Peer 1: 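This structure is in structure tokens; I'll ask about it shortly.
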Amino acid sequence: MKNYQCLKEIQADIQSGQISCKTLVLNYIEKIEENSGLNIFLEVFKDEALESAQKIDQKIKAGNAGKLAGMVISLKDNICYKGHKVSASSKIIEGFESLFSATVVERLIQEDAIIIGRTNCDEFAMGSSNENSAFGIVKNPISSNKVPGGSSGGSAASVAAGMCLASLGSDTGGSIRQPASFCGNIGLKPTYGRVSRHGLIAYASSFDQIGTFANSIEDTAALLEIMSGPDEYDSTLSQKKPNSYTDDIVQEVSSKKIAYLSCYVNHEGLNPEVKEKTLAIIENLKQKGHQVDEINFDYLEQLVPAYYVLTTAEASSNLARYDGVHFGYRSPQAFDLLSTYVKSRSEGFGKEVKRRIMLGTYVLSAGYYDAYYSKAQKIRRLIKERTQEILKDYDFVLSPTTPHPAFDIGSQNEDPIKMYLEDIFTVQANLVGLPAISLPLGITKEKLPFGIQLMGSPFEEGKLLNFSQYLININ
Amino acid sequence: MLKEEVYEKYELVVGLEIHVQLQTKSKAYSSDSAEYGSAPNTHISAISLGHPGTLPRFNENTLQYGVRLGLSCGSEITYENQFARKNYFYADLPKGYQITQDKTPLCLGGSILIKDDQGKDKRIGITRIHMEEDSGKSIHDLDPFNTLVDLNRAGVPLLEIVSEPEIRTPQEAYNYLTEVRQLVRYLEICDGNMEEGSMRCDANVSVRLKGAKEFGQRTETKNLNSIRNVFRAIEYEFKRQIEVIEAGSEIKMETMGFDAVKGTTSSMRSKELAHDYRYFPEPDLQAVYVDSDYIEKVRKDLPALPSELIKKFTSEMNLSTYDAEVLTEEKYFALYFDELTRLTKNYKAAANWMMGAVKSYLNENALTIQEFKIKPDQIAEIIQLIDEGKISNSIANQKIFPYLIEHTNDRPRAIAESNNWIQESDSNALEGFISEAIAMYPEKVEAYRAGNKNLLGLFMGEVMKRSKGKADPKLTSQLLKEKLEN
């Protein structure tokens, strides 16, 4: 089978009779099975995907197929799909079946997307390497001794390995963009409030956002267009009607104003090849007549700490429901209510999740609340104000997505602080709620991909996607 | 037990926290039914169960009910309403946290007017009223080995009403609760049923020496399932605390449970074990804004409140405070009376009918006024017939009203006429009966004229007999006197 890079190609080949949805699905399944050692999928919905493929083939023949007919998608294992298992890669809800579908899943299926399976990720989306899954680490398909990034590592890898055309992930502090950078595809985190979180297993509610992995801007736009918009089940959503994002990709770009943060580009941990490429892109943009300015940003040191205080606080509460009482894992050693809680949670959660629950509980505790939680909230507000100020003057903020390309499996997981700093360039978008995208523009001498990140103004995904296409074109 | 004068050195200080469960159709943050009394675990969607991936959906009725209550207490309504999470683990709390309000309660300030022990008006200040969701129910006494959990109640909307510590006697607490219950019933936001738990009360109780400015250490008593038990628990707690202090010990900040059988309180958990609820802003819900347009809209639809009706009944209708209170005890009873007074100007008679015949009929048959088939205009017609002298009070009560109950569509005037119950007030006809009666007892006439005025009854009886009970007693007595004395 051709290694399809976008839906248009697939739809054209279906029209000309070169392929059917069924063959397409069979090919993807073959790919998944051949590479099962990468541990990307936790479950493949084989029969069901084939059945839908056949139905959609009929619809295509009848001329009444949806916009996404021919699109085969994987779901990160923290997105609910009615009647299917969803576990957030955790033992604590292993085997749990969702009673409902996430709004995004419903909308995609409505347009005839085919869900092929659920992908491995860091447990409860907590991690930057996909080494925190209760169901084993995911290997990077580009170089199997490297991590795929996290937390949506399986999703990024499933697209990179050609096991599906696109994937849904979630991004709380970089969990889409960082693995997209490590796996060499396009990862979009939409504006907070753009895409319904109904059916996304919560990590940190005021940061989480569902987004996409794809190989083309066009597919990214098509998915976003269908997923976005008001949903009565998520009251934090914006009531703004989404654009027709595919129509926003006009290939024409007027002169733009782009900022890059000096503390990002001059960061001591920044890999020289990544830095070089970033500066080269900046130079290229300048030559093409865009205004690109180096801007000061004083909160670099506060970004990651504020992010971890606030997300762990929310997580400590969001994860309280996994208590062994109503659903999920209950310790066989539990003998009363307290031991049900203590033993079920101690045995059911992984190490990193427990670390974050403890941290979050601590920062919300009486006597520490002001010193940590309140302070982090204040910092979040300051970061928001400063970022908005920058975006008043500039169309986009450009930076590397990650300080370096994918690292070796096992090389960083002994030092949580070091691992937390993986998010240094990505958490800003989540703290502020901005749309941000990682574009696969870099490649090291070792042939490892890395991404360049563009951050835009809230709800201006159309503009962001159009400029992303431009940036890809000129590189 | 200490001597009476020892107890009398102390003053009781009580603040009450009342939870009222709102009579919304659906739950606070989901579309599940909020109905009471269904089979266990039947109103539980994924949201009520706290399943992974669910988000709360705010029920606007909660807000509307809260604003209604706030306006009725004269509270200030908060513009920006944030929600907060109160975190704790319990088997009947599926999410591991309760959605409530912390720093921005819906209502601030205001008061409830009650009577103190001397019957004088006293205002009890309201600290705050906020919105929150209920937990499920743990049932400990149904299965000998397990605690059973019913989540139908999980997520049902509540308002918590926190009073200022301005209650000074168990009776004031009793009166305050009675007022609050009556108010929420009038507002139709809660059925006020404490036994079923749709209204719950925790009492914060402390004591201090009379005249002292500082409050004493308080305890919080929970599980109070009737107004009477709130009274008893406070009374007990008052004495207990004094006895502890008099014995030279100190009151500990504790949560107490009340044993309704023994009438005693006992410690449930001490402060060392107190929860740290780790309140923080609920990130899954946006703040709800209450602007002045919204407030005015709610205010416009507010029903007449008992205090307003009492004022109207006493000042405009000249009824006694006692009558007004009896008439306004229950909302629809008061509204029935209010309508009745639009159909008759004889307010006193209207009040007597309501508190007499109507009320006893309802009580005897365990009916509510809403189930009462006789319409106010029919009662008004009875009153008019009496006022016109067409029927006597006793005919009205003993004949017409019972007949009307059986024939609810009939008109009282037609009933009186067709049953021949219209009393004789034609003086010509009456004079005939009177002449006959006087002619029968000439010696009694002499005796009457000699001063034995009691004999009037004899002549009255004779006239009544002749008129078959339809003679208008007032007119008869007047005419008889004229005849006998001339």
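In what follows, every chain begins at residue 1, and chains take the letters A, B, ... in the order their sequences are listed. Values in this document were obtained by computation on a predicted structure and should not be read as measured data.
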Peer 1: Using non-hydrogen atoms only, which part of A:Leu310 is less than 4.5 Å away from chain B: side chain, backbone, both, or neither?
Peer 2: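 Neither part, no heavy atoms under 4.5 Å.
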
Peer 1: Just so I understand: if I count every heavy-atom pair under 4.5 Å between each of A:Val86, A:Leu99, A:Leu338 and chain B, which residue has the most?
Peer 2: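 Winner by heavy-atom pair count: A:Leu99.
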
Peer 1: Which one of B:Gly53, B:Ala46, B:Gly96, B:Pro281 has the most heavy-atom pairs closer than 4.5 Å to chain A?
Peer 2: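 Between B:Gly53, B:Ala46, B:Gly96, B:Pro281, the count favours B:Gly53.
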
Peer 1: Is it the backbone or the side chain of A:Ile93 that comes under 4.5 Å from a heavy atom of chain B, or both, or neither?
Peer 2: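 Contact with chain B involves the side chain of A:Ile93 alone.
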
Peer 1: What are the sub-3.5 Å donor-acceptor pairs between chain B and chain A, distances to 0.1 Å?
Peer 2:
| from | atom 1 | to | atom 2 | distance (Å) |
| --- | --- | --- | --- | --- |
| B:Gly50 | O | A:Arg321 | NH1 | 3.0 |
| B:His51 | O | A:Arg321 | NH1 | 3.2 |
| B:Gly53 | O | A:Gly199 | N | 2.7 |
| B:Arg57 | NE | A:Glu232 | O | 3.3 |
| B:Arg57 | NH2 | A:Glu232 | OE1 | 2.4 |
| B:Arg85 | NH1 | A:Ser317 | OG | 2.9 |
| B:Arg85 | NH1 | A:Asn318 | OD1 | 2.8 |
| B:Arg85 | NH2 | A:Asn318 | OD1 | 3.0 |
| B:Asn87 | OD1 | A:Ser317 | OG | 2.8 |
| B:Tyr90 | N | A:Tyr341 | OH | 3.2 |
| B:Tyr90 | O | A:Tyr341 | OH | 3.4 |
| B:Ala91 | N | A:Tyr341 | OH | 3.1 |
| B:Ala91 | O | A:His326 | NE2 | 2.8 |
| B:Lys95 | O | A:Arg321 | N | 3.4 |
| B:Tyr97 | OH | A:Arg321 | NH2 | 3.0 |
| B:Asp276 | OD2 | A:Ala366 | N | 2.8 |
| B:Asp284 | O | A:Ser235 | OG | 3.4 |
| B:Asp284 | OD1 | A:Arg197 | NH1 | 3.1 |
| B:Asp284 | OD1 | A:Arg197 | NH2 | 3.1 |
| B:Asp284 | OD1 | A:Ser205 | OG | 3.2 |
| B:Gln286 | NE2 | A:Thr236 | O | 3.4 |

Peer 1: I need the minimum non-hydrogen distance between A:Val325 and B:Ala91, along with the two atoms involved.
Peer 2: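 Looking at all heavy atoms of both residues, the shortest contact is CG1-O, 4.0 Å.
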
Peer 1: Write down the atom of A:Ala313, the atom of B:Phe280, and the distance for their closest heavy-atom approach.
Peer 2: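 In this case the closest contact between A:Ala313 and B:Phe280 is O-CZ, 4.2 Å.
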
Peer 1: Identify which of A:Ala102, A:Ala202, A:Ala366 forms the greatest number of heavy-atom pairs closer than 4.5 Å to chain B.
Peer 2: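 Top count of heavy-atom pairs under 4.5 Å with chain B: A:Ala366.
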
Peer 1: Check each atom of A:Leu200 against the heavy atoms of chain B and say whether the ones under 4.5 Å are side chain, backbone, both or neither.
Peer 2: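 For A:Leu200, the backbone is the part near chain B, not the side chain.
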
